[in-house]
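Written below as structure tokens is the structure these notes are about.
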Amino acid sequence: MRESIICVGQMAGEPYRFPETGTPVYSYEELCYYLSRHMIFYLYSLPEEELLLYIREELGMEKLYRQLSRYTDPGRDQMKYFAALFREGNYFSEEEIRRILDEYRDLKNTSYALQCKWAGDELLKAGRASAAIYHYQEALRTEEMNRSETGAVYHNMALAKSRLFRFEDAGIDFVKAYQYAGDEESLFGYFGIVAFTED
């Protein structure tokens with residue numbers, strides 16, 4: 001069993017909502033947890049400036065605010081921003097921080113098409129269907145994916161369109177997903193498929 005974590009900062013009276021997914025966070029620990037699992041959204045830009053103000057004003061973490069402010073220049077290494085953020089408290093061990101940063105580096109070195117696909121998947125899970133469709137379309141424009149990956153993108157884009165009641169368009173994309181995947185087993189067994197069940 002993991003040892004107890006002593007929280008740093010203070011609980012916010014109002015949450016910060018991440019613009020990509022709408023997920024609310026009330027503490028430094030929730031902030032770290034969210035960012036460690038959504039690094040896909042920060043490959044080309046850092047979190048918005050409002051997050052820094054939230055860290056200072058709502059969480060009362062002036063030192064962290066000053067540290068992160070030094071790394072907001074687009075020309076700087078983005079990994080330094082996240083390293084400083086994760087190391088401020090006791091939420092992650094040093095080994096966990098290295099693993100998260102290694103995964104971030106791997107994401108940055110992945111093809112743009114797969115970056116778009118994975119971002120779309122996270123948006124779809126968060127209920128942001130329109131934004132997910134945009135990222136899936138971006139992935140398809142690059143022609144960098146293999147047939148199985150392309151099939152997965154069409155499948156998940158069909159799910160997104162069905163969530164917007166665009167059933168005819170969704171049907172077309174489901175057919176394309178089947179055509180690219182080759183058979184049902186390869187389509188639904190592909191690790192990148194986003195599966196949903198009705199409530």
Side-chain angles (χ1 to χ4, degrees), residues 15-26 30-48 50-51 74 78-79 81-82 96 99-199:
Y16 174 82
R17 293 186 181 275
F18 284 92
E20 298 84 9
T21 63
T23 302
V25 296
Y26 288 85
E30 290 177 338
L31 174 63
C32 287
Y33 179 86
Y34 175 90
L35 287 174
S36 70
R37 284 157 176 75
H38 294 86
M39 301 290 274
I40 190 68
F41 295 127
Y42 307 107
L43 301 181
Y44 301 100
S45 63
L46 291 170
E48 59 183 5
E50 283 77 1
L51 179 59
Q78 291 170 308
M79 290 185 69
Y81 178 100
F82 292 110
E96 288 172 324
R99 176 183 55 77
I100 293 167
L101 296 179
D102 285 345
E103 290 174 355
Y104 180 69
R105 187 182 297 107
D106 290 342
L107 283 173
K108 288 181 75 73
N109 292 330
T110 301
S111 71
Y112 178 68
L114 284 179
Q115 290 173 355
C116 290
K117 192 265 181 194
W118 293 336
D121 291 347
E122 290 300 320
L123 290 163
L124 186 53
K125 290 175 187 176
R128 301 295 177 95
S130 294
I133 291 169
Y134 170 81
H135 282 79
Y136 292 141
Q137 290 172 335
E138 279 291 294
L140 292 170
R141 286 193 186 98
T142 66
E143 300 183 354
E144 295 176 339
M145 297 178 294
N146 61 37
R147 292 186 64 82
S148 181
E149 292 164 346
T150 301
V153 169
Y154 274 115
H155 177 274
N156 292 355
M157 186 159 64
L159 288 176
K161 289 179 179 178
S162 67
R163 287 295 175 95
L164 297 174
F165 304 101
R166 295 169 54 184
F167 298 119
E168 185 174 346
D169 291 341
I172 293 171
D173 287 338
F174 275 127
V175 170
K176 290 181 180 178
Y178 180 82
Q179 291 172 337
Y180 275 96
D183 56 57
E184 184 175 332
E185 181 179 353
S186 62
L187 173 61
F188 294 100
Y190 181 68
F191 73 91
I193 293 293
V194 176
F196 292 93
T197 57
E198 294 298 326
D199 296 331

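Values below: every heavy atom of this structure, side chains too, minus hydrogens, waters and symmetry copies. Heads up: numbering here begins at 1 and tracks the sequence.
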Rounded distance [0.5 Å steps], [atom1] in [X] versus [atom2] in [Y]:
{"X": "Ile40", "Y": "His135", "atom1": "CD1", "atom2": "NE2", "answer": "8.5 Å"}
{"X": "Glu122", "Y": "Phe41", "atom1": "CD", "atom2": "CZ", "answer": "5.5 Å"}
{"X": "Asp121", "Y": "Cys116", "atom1": "CG", "atom2": "SG", "answer": "11.0 Å"}
{"X": "Met79", "Y": "Met39", "atom1": "CE", "atom2": "CE", "answer": "7.5 Å"}
{"X": "Asn109", "Y": "Leu43", "atom1": "CG", "atom2": "CG", "answer": "10.0 Å"}
{"X": "Ser111", "Y": "Met145", "atom1": "OG", "atom2": "CE", "answer": "8.0 Å"}

- Please determine, by modelled atom types, if Tyr104 and Gln78 share a side-chain donor-acceptor pair under 3.5 angstrom. yes
- Polar contact flag, side-chain donor to acceptor under 3.5 angstrom, Tyr16-Glu30: no
- Query: If you draw a 6.0 Å radius around OH in Tyr134, do more than 12 non-hydrogen atoms from other residues or ligands fall strictly inside?
  - Reply: no
- Task: For Tyr33, look at atom OH and say whether over 12 heavy atoms of other residues, nucleotides or ligands are found less than 6.0 Å away.
- Result: no
- Partner of Arg141 under side-chain hydrogen bond (donor to acceptor under 3.5 Å, both in side chains), picked from Glu144, Gln137, Glu138, is Glu138
Close side-chain approach of [X] to [Y], heavy-atom, < 4.5 Å:
{"X": "Lys117", "Y": "Asn156", "result": "yes"}
{"X": "Pro24", "Y": "Tyr34", "result": "no"}
{"X": "Tyr154", "Y": "Leu140", "result": "yes"}
{"X": "Tyr42", "Y": "Leu107", "result": "no"}

- Query: Counting distance only, does the side-chain N/O of Gln115 pair as donor-acceptor with the main-chain N or O of Thr110 below 3.5 Å?
  - Reply: yes
- Do side-chain atoms of Arg163 reach the backbone of Ser130 as a donor and acceptor pair under 3.5 angstrom? no
- Task: Check the pair Arg99, Asp102 against salt bridge (Lys or Arg N to Asp or Glu O under 4.0 Å), reporting the backbone distance first and the verdict last.
- Result: CA-CA 5 Å; Arg99 176 183 55 77; Asp102 285 345; over 6 Å; no
What is the minimum heavy-atom distance between [X] and [Y], and which atoms define it?
{"X": "Ala177", "Y": "Gly151", "result": "CB-O, 3.3 Å"}
{"X": "Thr142", "Y": "Ala113", "result": "OG1-CB, 3.0 Å"}
{"X": "Ile133", "Y": "Ala160", "result": "CG1-CB, 3.6 Å"}
{"X": "Leu51", "Y": "Pro47", "result": "CD2-CB, 3.5 Å"}

- Item | Stepwise side chain to side chain contact (heavy atoms under 4.5 Å, CB included) test for Glu149 and Asn146 | CA-CA 5 Å; Glu149 292 164 346; Asn146 61 37; 3.2 Å; yes
- Item | Whether Phe167 and Phe165 hold their rings parallel, tilted or perpendicular, with breakpoints at 30° and 60° | perpendicular
- Do the ring planes of Tyr112 and Tyr44 sit parallel (below 30°), tilted (30 to 60°) or perpendicular (above 60°)? perpendicular
- Query: Stepwise, does the side chain to side chain contact (heavy atoms under 4.5 Å, CB included) test hold for Leu35 with Phe18?
  - Reply: CA-CA 10 Å; Leu35 287 174; Phe18 284 92; 3.8 Å; yes
Listing, residues 168-176 side-chain donor-acceptor contacts under 3.5 Å, not counting sequence neighbours, or none:
from   : atom 1 : to     : atom 2 : distance (Å)
Asp169 : OD2    : Arg166 : NE     : 3.4
Asp169 : OD2    : Arg166 : NH2    : 3.3
Asp173 : OD2    : Lys161 : NZ     : 2.8

